[in-house]
Amino acid sequence: MIVRNITLLVVWVAMWGELNVANVASGVLMIAALSVLFPTDDRRARLAHRVHPLGVLRFGGRLFVDLVVSSWNVAMAVVVPNADRIHTEVFDVALTTTSPLVAVVVSNSITLTPGTMTVDIIETDRGFALRVHALGRAEPVSFREQILELERRVVAAATPVGIPADGARAAIEHNVEPPRDGSAS
Amino acid sequence: MSTVVDIATAALFLIGAALAVIAGVGLHRLGDTRSRMHAATKPATLGVLCCAVGAALQSDSSALVTKLLLAMALQLVTAPVGAHMLARSITRRDEQHPPTTS
Amino acid sequence: MIGTSQVALALLILAAVFTVARAVRPSSSTGDRAVALDMATSVIQCGLFVGAVILGDGILVDIALVLGLLGFLTSVTVARFLERADR
Amino acid sequence: MTALVLAHFVVAVVVLAFTRARPVIGAVIGCVLFATTAVTIAILGIGVDQQRVETWRWIDDLGLQMAFRLDGFAVMMVLIVSVIGALVLAYSIAYFDHDETFVLFVGLFVAFAGSMTGLVLSSDLFTMFVFWELTSVWSFLLIGLNDRSAQARTAALRALLVTGGGGLCLLAGVALFQVLAGTSSFAELAADPPVGTTATVAAILVLVGAFTKSAQFPFHFWLPGAMAAPTPVSAYLHSATMVKAGIVLMARMSPIFGDLDVWRWMVVLSGGTTMILGGVRAMRQVDAKLLLAFSTVSQLGFLTMLVGLGVPGATYAGVAHLVAHAVFKAGLFLGVGVVDHATGTRDIRKLNGLWREMPMVTALMCLAGASMAGLIPLFGFATKEKALVALLDADVGFVGWVALGFVTVGSVLSAAYTVRLLRGLFATKPTTRDSAQEHMAHLHHAPGWLLVGPMASFAVASLAAGLAAGVVGGWLVAAGTSLDLDVASKLALWPGINTALGISVAVVAVGAVVGWRVPVTEPPHHPAVSGERIFQRTFDGLIEGSKRITVVTQSGSLLAYLAVVMSVVAAVLGVAIFTDPGAGFGELVVADSPVQLAVSVVAIVFAFAVVLARDRFVSALLIGGVGFGCAVIFAMFGAPDLALTQVLVETLSIVVFLLVLRQMPRRFAADPTWAPQAIRIAISTAVGVSVAAFAVMVSGARSAPSVGEVYGELSLPEAGGNNIVNVILVDFRGVDTLGEITVLAVAALGVTNLVRMALRNRKPVEDTDSETAQPDRADDAGSADRSSAGGRRP
Amino acid sequence: MSASLVVLIAVLFGTGTYLLMHRTLTRIVLGVAMLGNGVNVLILATGGRQGEPPIVGREGATDPVPQALVLTAIVIGFAVVAFLLALAWRNWTISGNDAVEDDVEDRLIARAGADGERRSDVHHHEDVDL
Amino acid sequence: MNALLAIPLAVPLVGAAISIIVRRLTVQRVVSFIALATSLAASIAIVATVVIDDSIAVTRLGGWPAPVAITLVADRLSALLLVVAVAMVSLVLAFAIGQRAADERSPFYHPVYLVLCAGIAQAFLAGDLFNLFVAFELLLMASYVLLTLEGTDSQIRSGTTYVVLNVVESTVLLTAIGLIFAATGTVSMADLPARLAELPDGVRSGLNLLLLVAFGIKAAVFPLFFWLPDAYPTAPSSVTAVFAGLLTKVGVYAMLRTETLLFPGGHSTLLLWIAGATMIIGVLGAISHSEMKRILSFHIVSQIGYMVMGIGLGGEAALAATVFYLLHHIPVKTSLFLVQGIIERDTGSTFFRDVGGLARRSGPLAVLFLLPALSLAGLPPFSGFLAKYGLVRAGFDGQSYVIVGVALLASLLTLVSMTKIWTGVFWGDVHPAADAERRGLLRRYPLMSGSAVVLVGGTLAIAALAGPLYAYCVGAGAQLVDPSVYIEAVLRP
Amino acid sequence: MSRRSVILDEADRWLFPVIVMVSVYVTFRGHNAPGGGFAGGLITGCAFVLRFLAGNDLRIRRSVIARPDRLIGAGMLLAVATALSPVLLGDSLLESNIWKLQVPLIGEVKVVSSAIFDLGVYFLVIGVVLAILLALGTDPSEPVLEREAT
Ligand code: NA
Ligand code: NA
């Protein structure tokens, strides 16, 4: 929650474009009102992540590079198409994380990175599996490795804490109280 | 200084616009809907970012800059969501009704 | 500066033409058209950023912000209903 | 006078409201009222130097007033109305017996009498018109008293429409007089008669009105039909009083317009034709009541000629004959009613030798009949004699001789149908067919005194007035004088031997023979061409034609409606454009900027794509494209607020479109061809081109600066905002915004309501215990919870 | 005035009109939306000249009044489209199609007025795709 | 003055907002009653002001100077129509509550009904063309919802026709207003006449015609009337009653206002042609049908023709007659629909094949029908006759003999169609399905009959008090003939 | 296969408040720059669309505005009351006022009465979008056809 609220405060102040008492105060009020009116009472809210600023920066930089590379690749596929470049394939990749946030960030990043696009996220008993659409020839093993590498980078930026995988998922899917053995932020 | 900034802006604008054109061409050149989504997502997003940065370089108020940064961040978050959902529905549909022709 | 921006605008118009063509081509699937509309919002955003510089007008940035924030909703809506509608 | 008239309406309401259980009481009250009226009017009006005048201003701006004057003619007419009314009402107590419609009859009867009293008292054409139309309404309701009978309904309708149509002519006449002379008062019109074509037209319109009411050819046909009404109604309305309204009107108007040639000829031709036609038709009837009806038509023609000719002597004779006719005809009608009541039939083929069984009635009927035939010493003889004298003396040229001819022939017929009536009802006739014998009607029960009494009064009155013709004629001079007549000679029982008497004798003799010779056993004759049929055919044609027209104008097809509306739009703009294209076209530039050009093209492409799309989803997306294109144009134009709002609205519109369309088939059905595609395209093109061209025209026409400039000056200092558009919306034109958001709110409520109704129809069981029940309507969030919680999964 | 906007206005009005003249309610709603766009562009394009946004202190600003009018019109247009779509939805739930049918009583009159001359009521059903 | 003119449009909106929030029926009813009573009181006060001061009441919203501010303007015409409308709306509400249908079935009836009332009030008071458009939208959207309130098959079908055609009407109106702004730079009705006068003929005539088309659809004149007879018969009677009485008259009002204030003297011949065709085609439609509500709906069309005739004739006398016609027609038409509603409530139908002999079952009901019916057919001494007479006289004054002839013919045909209802519903055999023994119809529905009785009494009162009322209308006509009075009153600093 | 999407779920969780904040921002600066209550309300409406598409609960957790029509009514009441309040003081409908308030730490805050009006517009529009979503979002998997097409 803290992460989210701070993010929101940053967004609010950024929108007004000036860091001053009025903007921060109104932002706090705004966020308080939002929490009251739209409480995230989903059990998911209890999932916490520890954010590592350095990891975030590293992830962001890498993401930007990936975006540039992928744009280049698509451009080549468009401008100078050949059989390899316009070949498509669908892979299923099982992630190791149990955090939906991590899974989502990974999935979104995949969409922005070279040659790949997440077409589905499947929740399995063991975690999340991504179905990825690849543009251009790819070798399955290294392809999976790339994605798991991406996941590691995301986890390094925001580490899920404290909640066993199955409990969280059970909580999400069946809306029951998850075991209280972790700290909630 | 301002010349450098101007040149940078010009370059970013041209790159951004060119990316948009490439994305547009990609919508036609690529073989199937999901491939075309690659074009619509990646170069287009980058194009938006380029243009936003270009505009930020030209702006003289911090307020505008933060707003542009915000716009960029939001673009990075929302663009893949839309693309993903579309791709997902197309994938699921194709799995349920395998295309018979073409 | 302004001149280059005009060129950029011209390129964006070209991009828009391609996008529109995808949207209206009879051979396009609904998904294609949704993709094209999604893409169109991106092109418009680019145009608004460039236009903000040409006109020296920060107001257009606000519109671009909102467009970036909400443009994906159309795609999501189409995606949501496409599966069912095609059943 | 006004009080008397109003008293009638009050009594009518009282009767209808309070004497339901004992209608006889109502009838008695009515009789008392009539008697009171007669006495009061006699006291107020007879032998008084100063004529009583009452005027009630109604609408000064239109010159409308209710004006009454108690002159001699009015006194005479009121006495006819109320005395005959009292007698007929008394008679009806016995006639209706225990009929459930009796109370309604009494109420309407009294109301009618009130209207008739008002009519005859009117000193203003407008006032007369008001009562005139009222009498038509009462007549309609009274003819339809037996509303279960289709014949009665049709007859009522016919009477109403004919007299109503005439009423409209009269109305037009009134309005024309008001415009021409600034008044519709008889006295003022007479004092300064309007002249000229328009005035003549007005007079003719008034005359036509009078013709319809008094059943003059070619409007005569409604009257016999009206005999579907109960006999008291026929006797009172359709013989004694209401049909005389036209005569009254002519009597008031002919001193003013009688010297117009067209007026005279119309009166003589129409009245004469009516007199002959009525007589001939009467000779063909076997229903005694119908026979009387046609005789009334004939007599009305006679009266029309006399009163309408505008010759003082004739008018005086007409007024006298009006009285005579009212008396003897009421008696005859009541007599037929007595026979009908006693035997159950009025068919003269089925009646034989009734004189033996009801000699008293026979005698009385013969008296009244003799008056109708014009036999001395009855009153009818004196009046007819006077009429012949007047016509012979009239110095109006050829038209006068034509009138005399009509009267002579008509009088022969009068004598003839009188004989036919009396013989048919009472005489012993040789029966030719055996089969007819068993259908012969016989007396069921003897008529009571209440039935015979009134009728006897009329018969005796006919005789008495005849014997005292000189005295009665003296009384009638007052009536004549009040009509602005110079009455030279009065009535007399024995006028001396002259041409008129010769004619009378011949007429009666010939008539009697004819009447005796025409067999009574013939089936009723239906002429091939009759007003009745023409009317019916016109009426049917009206209904049928209205259906045919309505099919065209009201096709029920939204498509056709829209096509018409859009064509009209294109047409009016086309007219404007071709009138004067203006300067706008010269000021056109290709585009304000290249981007604008490009985006316009994009939007145009999207628009055409929407038209061509065969898929619902796709068309919703494509129209989104049009919307986004417009948003860009707005942004370029200097309207960021618009662009922002447009983007948001377009996004939400697509969502709403898809929410709805997801449930429908993806593809549009082939639209059934309502019209050739070419027509659709032509209309659309016309609309598009004309609107755009007109827009160009208009844009070149601006001459004054926009109020927008003032808004700009006031915005920051006065309203505290920099964004002028927003300040306009929430401040300068805030009430527009208030309305606009309310529209939005109502639309949302409407959408919610439609879905609620659908869900309610879907789940009737759940519905009964939650939706319609009172508690749930109250402020529990239950329904909201049910509709919002959990289940919202697209 | 800009000719490209004039042509755009013509096309929006033309296509809007064309779409209106259909039996399918969806198309009619599309036509209404199209006409709405057409009117908005028309008011803006004829009401003033292109210029700067009307913010206090800006030179060469365009006339704010047409913008205020169009804003109101956009909102009302949205309300109308939403309600029409709800009508289409209800029509669909009732009859399984969204065709606008002719008025029953008018058709009866038509039949009574001219027996046999006109073809009888046509009921239209959508051919379901896929 | 400021408060007075604002109340009829603002107070119902407050009431609407409250009854959107609170769904409890009793609360909604009380709120509606208070809101309408307040509006009525304010409207009467407005009339009093207008008469006593012999002036035009103006309020400038937001306190801004005149051409900037949207003004609410009440001249004699507006004030009169306002009172009549609010009174009518209030009575029909009582009727609707008595009908036990509308407001118990949907919690949205009251708020939407109040919005309708506010929209009508705003339309009559608007001194600004665009504000008039917004008022139209307000009452139209409310009417869409009311018309489809029960969401039945027939309501949806005819509702669709109604909604689509009125949406098209709105589009045309908006186009016209937008173009008027484009040509003149203002939408203030007081500011417009001078600016419109400077326009070239083609432009002015086009703008005028475009407005006429829009208002013509709304007022249901030939050849744009067809939505009305299809749409009205399907709605609940309480809804139809208020629509029939008021909605088309708002269109007539707008036509009257714009033709006298903005485009004086324009297209009068065209208007007379339209008037004649509307009268005849409308009444022929009435004659062709065999259902009470349909016939009454077609009558509306026909009667609109008379009012358009008055506008087309122009001049003080004709306009006075038109105003009086409006005054008479609203309550008379409404009361006829109320009677229809009572019959429908009792028998479930007003098709002639399903009913009959009602005069025998309920004399008072028959009287309740007959009085307004005769009035509508233009028979003396009822108000309809006086109104018709005013028009006829004005027509003769202007030597427009043809249109007067057509009007009189239409009047006869109206009588024909009224007798069709009378013979079909009130005469004849009691339909076997009906419970012939159930008498005392009016006593069974006290609230419905009560409002009908009050209304019919009102129509009789109009005839009885025709002298002063007509004088008032003449004053209104004088104000309409001389636009400078209006303009000065609004633009006065 | 689940109809829900984890991605959309997360997007809703993170973007919903952002969108609402943007809407508030757009509403409040509408008086000086493009925006205003209407645009703001529509933006919040879009946030609810996102929430709806993610398959999440649309309720606002305060009973006063639990039902969208209450929100509509409240917004309408706020707007009309603001418009009508000057009438009670003898001014004309919609007469606007500007109040200048001194708020500690923040300084002078200018409050324009028309901003309150705009706030009413904002709430009303949110309510409208919600109402339409709730109504037309009725789950089509439950057939609502009353009679089958024949
Ligand atoms: Na119908
Ligand atoms: Na019947």
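The basis for the numbers below is simple: all heavy atoms, side chains too, and nothing from hydrogens, waters or symmetry mates. The chains referred to below are lettered A, B, ... by the order of the sequence lines, with proteins before strands, and numbering in each begins at 1.
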Over all atoms of both residues, closest heavy-atom pair of E/L85 and D/V660: O-CG1, 3.7 Å

What pair of heavy atoms forms the shortest contact from E/F78 to D/S653, and how long is it? CD1-OG, 3.5 Å

Testing the 3.5 Å rule here: is there a donor-acceptor pair between the side chains of E/D63 and D/S706? yes

Residue part contacting chain D, namely of E/L12, when any heavy atom lies under 4.5 Å: side chain

Cut-off 4.5 Å, heavy atoms of chain E, and the answer for D/Y711 is side chain

Please walk me through it: do D/S600 and E/L5 pass side chain to side chain contact (heavy atoms under 4.5 Å, CB included)? CA-CA 6 Å; D/S600 301; E/L5 291 186; 3.7 Å; yes

Top contributor to chain D interface from E/L71, E/T62, E/I9 [non-hydrogen pairs under 4.5 Å]: E/L71

Heavy atoms only, distances under 4.5 angstrom: which of D/L716, D/I543, D/L744 has the most pairs with chain E? Name it, please. D/L744

Please classify the contact of D/L652 with chain E as side chain, backbone, both or neither, using a heavy-atom distance under 4.5 Å. both

From CE (E/M1) to CZ (D/F585), nearest 0.5 Å: 10.0 Å

Got a second to check how far E/H22's NE2 is from D/R680's CZ, nearest 0.5 Å? 4.0 Å

Portion of D/F606 that has a non-hydrogen atom of chain E nearer than 4.5 angstrom: neither

Could you tell me which of D/V751, D/L562, D/I604 has the largest number of non-hydrogen atom pairs under 4.5 Å with chain E? D/I604

Going from CD on D/E740 to CD1 on E/I74, what distance comes out if it is rounded to the nearest 0.5 angstrom? 9.5 Å

Of all of D/T645, D/L597, D/N723, D/V590, which one pairs up most often with chain E through heavy atoms under 4.5 Å apart? D/V590

Side chain to side chain contact (heavy atoms under 4.5 Å, CB included) between D/R616 and E/T24: does it pass, once the steps are laid out? CA-CA 11 Å; D/R616 286 197 161 81; E/T24 320; 3.3 Å; yes

Region of D/T737 that comes under 4.5 Å of a non-hydrogen atom in chain E: neither

Determine the option with the most heavy-atom pairs under 4.5 angstrom with chain D, choosing from E/L69, E/I76, E/T46, E/N37. E/N37

Do you know the tightest heavy-atom contact between D/A603 and E/L8? CB-CD1, 3.6 Å

So which part of D/I728 gets closer than 4.5 Å to some heavy atom of chain E, the side chain, the backbone, both or neither? side chain

Do you know which of D/V656, D/D592, D/V743 has the most heavy-atom pairs under 4.5 Å to chain E? D/D592

Go through E/V65, E/T26, E/V6 and name the one with the most non-hydrogen pairs under 4.5 angstrom from chain D. E/T26

Sub-4.5 Å side-chain heavy-atom contact between D/L659 and E/W89: no

Applying a strict 4.5 Å limit to non-hydrogen atoms, the region of D/E650 in contact with chain E is side chain

With a 4.5 angstrom heavy-atom cut-off, could you sort out which part of E/L19 is near chain D: side chain, backbone, both or neither? side chain

Tell me, side chain or backbone of E/V75 under 4.5 Å from chain D's heavy atoms, or both, or neither? both

Can you tell me how far apart OG (D/S557) and CZ (E/R23) are? Round to the nearest 0.5 Å. 5.0 Å

When every non-hydrogen atom of E/V56 is compared with those of D/G721, the smallest separation belongs to CG2-O, 3.8 Å

Tell me, do E/V7 and D/V601 make a side-chain contact under 4.5 Å, heavy atoms counted? no

Structural part of D/V727 lying under 4.5 Å from a heavy atom of chain E: neither

Minimum-distance pair of heavy atoms, taken over all atoms of E/P54 and D/V725: CG-CG2, 3.5 Å

If you count heavy-atom pairs under 4.5 Å with chain D, which of E/N40, E/V29, E/I55, E/L42 comes out on top? E/I55

Taking it one step at a time, do D/V610 and E/T15 satisfy side chain to side chain contact (heavy atoms under 4.5 Å, CB included)? CA-CA 8 Å; D/V610 174; E/T15 51; over 6 Å; no

pair E/I28-D/L558: side-chain heavy atoms closer than 4.5 Å: yes

Under a 4.5 Å cutoff for heavy-atom pairs, which residue among D/T685, D/L622, D/I681, D/V687 has the most contacts with chain E? D/V687

Let me know if E/V80 has heavy atoms under 4.5 Å from chain D in its side chain, its backbone, both or neither. neither

Given a strict heavy-atom distance threshold of 4.5 Å, which part of D/A686 is in contact with chain E: side chain, backbone, both, or neither? neither

Quick one: which of D/V696, D/D736, D/V689 has the most heavy-atom pairs under 4.5 Å with chain E, could you say? D/V696

Are E/V41 and D/F634 packed together at the side-chain level, in the sense that at least one heavy-atom pair is separated by less than 4.5 angstrom? yes

Side-chain heavy atoms of E/W92 within contact of D/P665, under 4.5 Å: yes

Measure the CD1-CG distance between D/I623 and E/L30 for me, rounded to the nearest 0.5 Å. 5.0 Å

For E/E52, is it the side chain, the backbone, both or neither that has a heavy atom under 4.5 Å from a heavy atom of chain D? backbone

Give, as side chain, backbone, both or neither, the part of E/L87 having an atom under 4.5 angstrom from any heavy atom of chain D. both

With the side chain counted from C-beta on, respond yes when E/M34 and D/V626 share a heavy-atom pair under 4.5 Å apart, and no when they do not. yes

Approximate separation, where rounding is to 0.5 Å, of E/S2 OG and D/E587 CD: 13.5 Å

Give the C-alpha distance, both sets of side-chain angles, the deciding distance and a yes or no for side chain to side chain contact (heavy atoms under 4.5 Å, CB included) between E/M21 and D/I683. CA-CA 10 Å; E/M21 289 184 281; D/I683 294 175; 3.8 Å; yes

Does the side chain of D/M566 reach to within under 4.5 Å of the side chain of E/Y18, using non-hydrogen atoms? no

Any idea which heavy atoms bring E/Q67 and D/G638 closest together, and the distance? NE2-O, 2.9 Å

So what's closer than 4.5 Å to chain D heavy atoms on E/R58: side chain, backbone, both or neither? neither

Please flag which part of D/I633 lies under 4.5 Å from any non-hydrogen atom of chain E: side chain, backbone, both or neither. side chain

